[in-house]
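Okay, so here's the structure we're looking at.
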Amino acid sequence: MITLENICVSFNKGTLLERVALDDVSVTIEPGAFITVIGSNGAGKSTLLNVLTGNILPDAGRIVIGETDVTRWPTEKRAGLVARVFQDPLEGTCGALSVEENLALASRRGQSRTLAMALGAKNRSTFREALAQLGLGLEDRMAHPIGLLSGGQRQAISLMMAVLSPLEILVLDEHTAALDPRTAASIITLTNTLVADKKLTTLMVTHSMHQALEVGTRTLMMHTGRVLHDLGKDARAKLSSADLLGLFEELDPA
Ligand SMILES: Nc1ncnc2c1ncn2[C@@H]1O[C@H](COP(=O)(O)OP(=O)(O)O)[C@@H](O)[C@H]1O
Ligand SMILES: [Mg+2]
């Protein structure tokens with residue numbers, strides 16, 4: 001179980017630029033849940049993920065993963081628990097390193113990292129198998145610099161890298177938003193497969209109403225730093241993406 005209790009985050013506190021990004025947010029995430037998160041720009045979606053990863057420490061509130069209170073843990077210390085894929089494929093991978101070097105670093109997430117340690121023959125065959133699973137022929141390009149691959153290929157590898165080491169929660173921040181529709185769809189299929197195979201607990205931010213309802217088992221709708229709707233299986237089954245858009249329009253009547 002992962003619990004966020006009464007989380008508050010403000011930026012530029014005490015200045016004219018003060019912004020409340022999370023306003024007393026409480027969410028309980030059951031093991032194996034796959035939650036999609038939607039909300040207008042500035043709703044606090046990325047901040048919510050950053051609070052989970054430890055990139056932002058909350059001003060108030062508590063984060064508990066399993067039995068452990070991780071509220072004050074820095075990102076490095078949480079790396080063995082939380083894995084993340086960004087919107088920009090370039091952010092999650094190192095372009096100058098080869099495909100297998102990127103995988104090797106990812107395989108030691110949360111531990112001390114040296115490439116030599118992670119690039120043994122046993123790991124190489126694990127990486128080859130993982131890449132073959134993507135169906136992109138990348139298992140034959142393990143020595144190529146990852147910078148030579150397309151955005152979609154890099155994002156597929158980022159996703160694979162995120163789940164290579166054991167983890168408690170996978171965090172996806174609009175990880176298909178920078179891709180063309182076809183590539184985005186294939187990354188969503190891969191996401192579904194990995195999450196189901198590895199029984200991962202997942203939080204996925206998306207701008208697509210359709211994706212929000214199609215993917216996962218529960219949907220949070222955020223607005224101005226708060227979770228306004230928490231839609232479970234039954235509620236989602238009754239909603240179309242048009243209905244979801246309608247809920248948005250109610251928030252900010254023009
Ligand atoms: N590093 C930052 N410095 C100042 N304000 C920030 C920072 N990050 C986010 N914000 C503000 O916090 C609010 C929530 O942002 P964010 O979580 O990025 O929203 P979303 O991902 O839903 O678009 C916004 O008002 C945004 O401008
Ligand atoms: Mg964001």
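Remember, it's 1-based here, ligands and their atoms both numbered in the order they're listed. For this chain, numbers begin at 1 and follow the sequence in order.
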(message) If the cut-off is 2.8 Å, does any N/O/S atom of Asn41 fall short of it from the Mg ion (ligand 2)?
(response) no
(message) Can you name the atoms of ligand 1, numbered from 1 with element, that are less than 4.0 Å from a heavy atom of Asn12?
(response) 4 (C)
(message) Using a 4.0 Å cut-off to any heavy atom of Ser40, which atoms of ligand 1 qualify?
(response) 22 (O)
(request) Check each heavy atom of Arg19 against ligand 1 and say whether those closer than 4.0 Å belong to the side chain, the backbone, both or neither. (result) side chain
(request) Say whether Thr36 and Thr219, considering side chains only, have a donor N or O and an acceptor N or O under 3.5 Å apart. (result) yes
(message) Below 4.0 angstrom, counting only protein heavy atoms, does anything approach atom 26 (C) of ligand 1?
(response) no
(request) Taking atom NE2 of His210 as the centre, report whether more than 12 heavy atoms of other residues, nucleotides or ligands fall under 6.0 Å from it. (result) no
(request) State plainly whether the residues Arg62 and Asp69 are in salt-bridge range, i.e. N to O under 4.0 Å. (result) yes
(message) Quick test: of every protein heavy atom, which one is nearest to atom 9 (C) of ligand 1, and how far off is it to 0.1 Å?
(response) Phe11 CE1, 3.4 Å
(message) Just verifying a value: how many Å separate Thr176 OG1 and His207 NE2, rounded to the nearest 0.5 Å?
(response) 10.5 Å
(message) Gly42 versus ligand 1: do any nitrogen or oxygen atoms come within less than 3.5 Å of each other?
(response) yes
(request) May I ask whether Gly44 has any heavy atom positioned less than 4.0 angstrom from an atom of ligand 1? (result) yes
(message) Do Thr93 and Asn102 pair up side chain to side chain, a donor and an acceptor below 3.5 Å, judged on atom types alone?
(response) no
(request) Rounded to the nearest 0.5 Å, what's the gap from CZ on Phe248 to CG on Asp243? Could you check? (result) 13.0 Å
(request) Note the single closest protein heavy atom to atom 22 (O) of ligand 1, along with its residue, its atom name and the distance in Å. (result) Lys45 NZ, 2.7 Å
(request) Look at ligand 1 and say whether Gly225 reaches it with a heavy atom at a distance under 4.0 Å. (result) no
(message) For atom 18 (O) of ligand 1, what is the closest protein heavy atom, and at what distance to 0.1 Å?
(response) Ser46 CB, 3.7 Å
(request) Inspect the surroundings of CZ in Arg19 and state if more than 12 heavy atoms from other residues, nucleotides or ligands are less than 6.0 Å away. (result) no
(request) Drop me the distance from Ile146's CD1 to Cys94's SG, to the nearest 0.5 angstrom. (result) 8.5 Å
(message) With heavy-atom distances below 4.0 Å as the criterion, list the atoms of ligand 1 near Asn41.
(response) 23 (O)
(request) Please could you name the atoms of ligand 1 that Ala21 approaches to less than 4.0 Å, counting only its heavy atoms? (result) 12 (O), 13 (C), 14 (C)
(request) Taking all non-hydrogen atoms of both residues into account, name the closest pair between Ile29 and Arg218 and its distance. (result) CA-NH1, 4.2 Å
(request) Would you check the N or O atoms of Ala43, main chain and side chain alike, for any that come under 3.5 Å of an N or O of ligand 1? (result) yes
(message) Salt bridge or not between Arg128 and Glu100? Use side-chain N to carboxylate O under 4.0 Å.
(response) no
(message) Does ligand 1 come near enough to Thr47 that some N or O of the ligand is less than 3.5 Å from an N or O of the residue?
(response) yes
